[in-house]
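Lettering of chains follows the sequences in order, A, B, ..., and the numbering in each one begins at 1. Keep in mind that what you see is a predicted model, and the values were worked out from it rather than measured.
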Amino acid sequence: MTASTSARKTSTLGVVLSVVLLGAYFALIVAAMAAPDILAIKLPEAGGVTVLVAIALLLLALTTLASLIYMLFAPREGDAP
Amino acid sequence: MRADFVAGGVFLAFVSLTLAITIAAARRPKSIAAFYAAEGKVSGVGNGLAIAGDFISAATLLGLTGLAFSFGGDMLFFAVGTTVGWALVLFLIAEPLRGMGRYTFAEAVASRLSEGPIRLFAALGVLIVSIPYLVAQIVGAGALVETLFGVDYRLGVIAAGVLLITYVVIGGMIAATWIQIVKASLLIGGGTALAILTLAAFDFDVNRLVHAAELVHPLGDRLLAPGAYFADVWSAFSLGLSLALGLAGFPHLMMRFFTVRTVGDARMSALIAIAINAAFMLVVFIIGIGAVSLLNGRTEFLDQSGGLIGGANMVAIHLSAALGGPMFYGFIAAVAFATILAVVAGLALAVASAVSHDLYARYFRRGAASLTAELLVSRIAVVAVGVAMVLLGFVFEGRNVAALAALATAIAACVNFPVLALAIHWRGLTTWGAVAGGGAGLVLATGAIVLGPEVWTAVLGHSEPIFPYAYPTILALPCALLVAIGVSLMDASALGRAERTRAEAVQ
């Protein structure tokens, strides 16, 4: 693998993860404005928090997980062949 | 006024510690690389802590707890937006940026475009982005000192200005980085302890915590539902764009990727910052929601009008007094104050580097400036920034800290982010495309903010804003990108053709 190929792979993984996270975040915003009552439903088994809180916490965890995946699996620009 | 002696003692001890760090840093060998980029000798983990410390500012600790306290669930849009923004920095910006430049945002962009116009534009962008963020921090400092000691708000603003100048003029980036690392560790520890104390007050039963808050909050059982903060979908969308994309446009955050030695360290820095940011957002949410019932009816925290002393920005401070006693209250207040000072120092350093390195040394002196002269100009710039910050702190007294910081993020998303992102990821970008696109973002973003609700109505006193949304990103960011791409595509100049050819050859 050449350095430039490695750089393109880094970019592809980064772009995919970015699109997924941005899409999820903006979907949450649109859902909050379009269907606030659904996100206001309470989840007694989750400490009485709402669907909004549960999804937001899930997104925080997923973002950290995605960053870890990138850290572990994305080849570094300039990696040796 | 309460616990003055204990809080004051802890505060002075903490400030003394940070000053000692500054003096120690000043004894190290002097060089431009040390002043701006700590000679690239900061570790990845240490730099991640420093980045997190830079971002977990007054806006996070004070502003977001206030937002959770006042608006409940809508605070989470801020929390998720900033964390996603950090991830985008890691995935798309951090590593290529580290490989492009040496000290400043301008240098990174100028590395593949014509240096003169880019440095001029980038320096202007750094100044415009930094000013509202500096004002947000200084407003928080004034309110904190007012609450802590019962003294005049303006005294806190002046004290923060004097300490800022001392930190940066004496210690430079090494001092700012080590203060951030120490402060971030204490802040994360203190914030986590406060969240644990909050949960302990409800026997670690989240159901009880939520129910108690809903019983006394004006929003009732809609406290954790969406819609209390945002007036419409466009406002929410515009803020989301600002938070998710604006981080990459903050010069004082991006500058930290130049303080590590390798690309791997830059990646580790971003990962550490993301993990800390995500965890701290949860801490802030627990503090804000828990405070709703725990501060309810506590007259010692209320002013004559029945509101919290110092406003909603002081929720975390009051809660620390309610749950942890005077010593803990003093500790949290001192760490919050140091947080503001450290963030402001980092920002001032970014502004100083834009003025002295990009404008003076590279643009006006064409690289012929001496080290002594450049450092002198940098320190003069820091003093000017400190004075301007104090004066603007007087003007914006009482404004919401988180809202002011979000305005800065919006400007960063509209001015610096488009240019940086295109410079890294699009071979077709030319110098004139970058200048035109960034300039369009600058004019539209600042114009919309001045004509919008935060300045036109809240500061200037007009009855109706001309631009209806507080955050201009939904308008200014697409325009900036379109103008940058359009001008680059139409750029038939010899310079533009040469830049495209060079970029193709590198690819």
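- Looking at L241(B) and F26(A), their side chains come closer than 4.5 Å, going by heavy atoms from C-beta outward.
- Looking at L39(A), the atoms closer than 4.5 Å to chain B (heavy atoms on both sides) sit in the backbone and in the side chain alike.
- Looking at Y25(A), its side chain does come within 3.5 Å of a backbone N or O of F77(B) through a donor-acceptor pair.
- The distance from the CG atom of L245(B) to the CG atom of L22(A) is 6.0 Å, given to the nearest 0.5 Å.
- Of the listed residues (M268(B), H211(B), M281(B)), the greatest number of heavy-atom pairs within a distance under 4.5 Å of chain A belongs to M268(B).
- Here the closest non-hydrogen pair linking A87(B) and L21(A) is CB-CD1, 3.8 Å.
- When every heavy atom of N207(B) is checked against every heavy atom of P44(A), the shortest pair comes out as ND2-O, 3.8 Å.
- One finds the CE atom of M71(A) at 7.0 Å from the CZ atom of R267(B) (value rounded to the nearest 0.5 Å).
- No other option in D37(A), T64(A), L60(A) has as many heavy-atom pairs under 4.5 Å with chain B as L60(A).
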Derivation of the side chain to side chain contact (heavy atoms under 4.5 Å, CB included) call for F285(B) and V53(A): CA-CA 10 Å; F285(B) 189 65; V53(A) 176; 4.0 Å; yes

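- If you take OG on S67(A) and CG on L271(B), they are separated by 6.0 Å, rounding to the nearest 0.5 Å.
- In terms of heavy-atom pairs under 4.5 angstrom with chain B, the leader among A40(A), A61(A), A24(A) is A40(A).
- Around the CD1 atom of I69(A), the shell of radius 6.0 Å holds more than 12 heavy atoms that belong to other residues, nucleotides or ligands.
- For R222(B), the part lying under 4.5 angstrom from a heavy atom of chain A is the side chain only.
- For the set G240(B), A244(B), G72(B), the entry with the most heavy-atom pairs within less than 4.5 Å of chain A is G240(B).
- If you measure heavy-atom distances from L28(A) to chain B, the contacts under 4.5 Å come from both the backbone and the side chain.
- If you measure heavy-atom distances from D221(B) to chain A, the contacts under 4.5 Å come from both the backbone and the side chain.
- The greatest number of non-hydrogen atom pairs below 4.5 Å with chain A, out of V233(B), V80(B), T83(B), is found for V80(B).
- For chain A, the nearby parts of L90(B) are the backbone and the side chain; heavy atoms of each come within less than 4.5 Å.
- Using a 4.5 Å cut-off between heavy atoms, L243(B) contacts chain A through its side chain alone, with no backbone atom that close.
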V206(B) vs V49(A), side chain to side chain contact (heavy atoms under 4.5 Å, CB included): CA-CA, chis, key distance, verdict: CA-CA 8 Å; V206(B) 177; V49(A) 300; 4.1 Å; yes

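- Side-chain atoms of T50(A) come within 3.5 Å of backbone atoms of L224(B) as a donor-acceptor pair (strictly under, hydrogens ignored).
- For the pair H425(B)/V15(A), no side-chain contact is recorded, criterion being any heavy-atom separation below 4.5 Å from C-beta on.
- With chain B as the partner, the residue from T63(A), L57(A), L52(A) showing the most heavy-atom pairs under 4.5 Å is L52(A).
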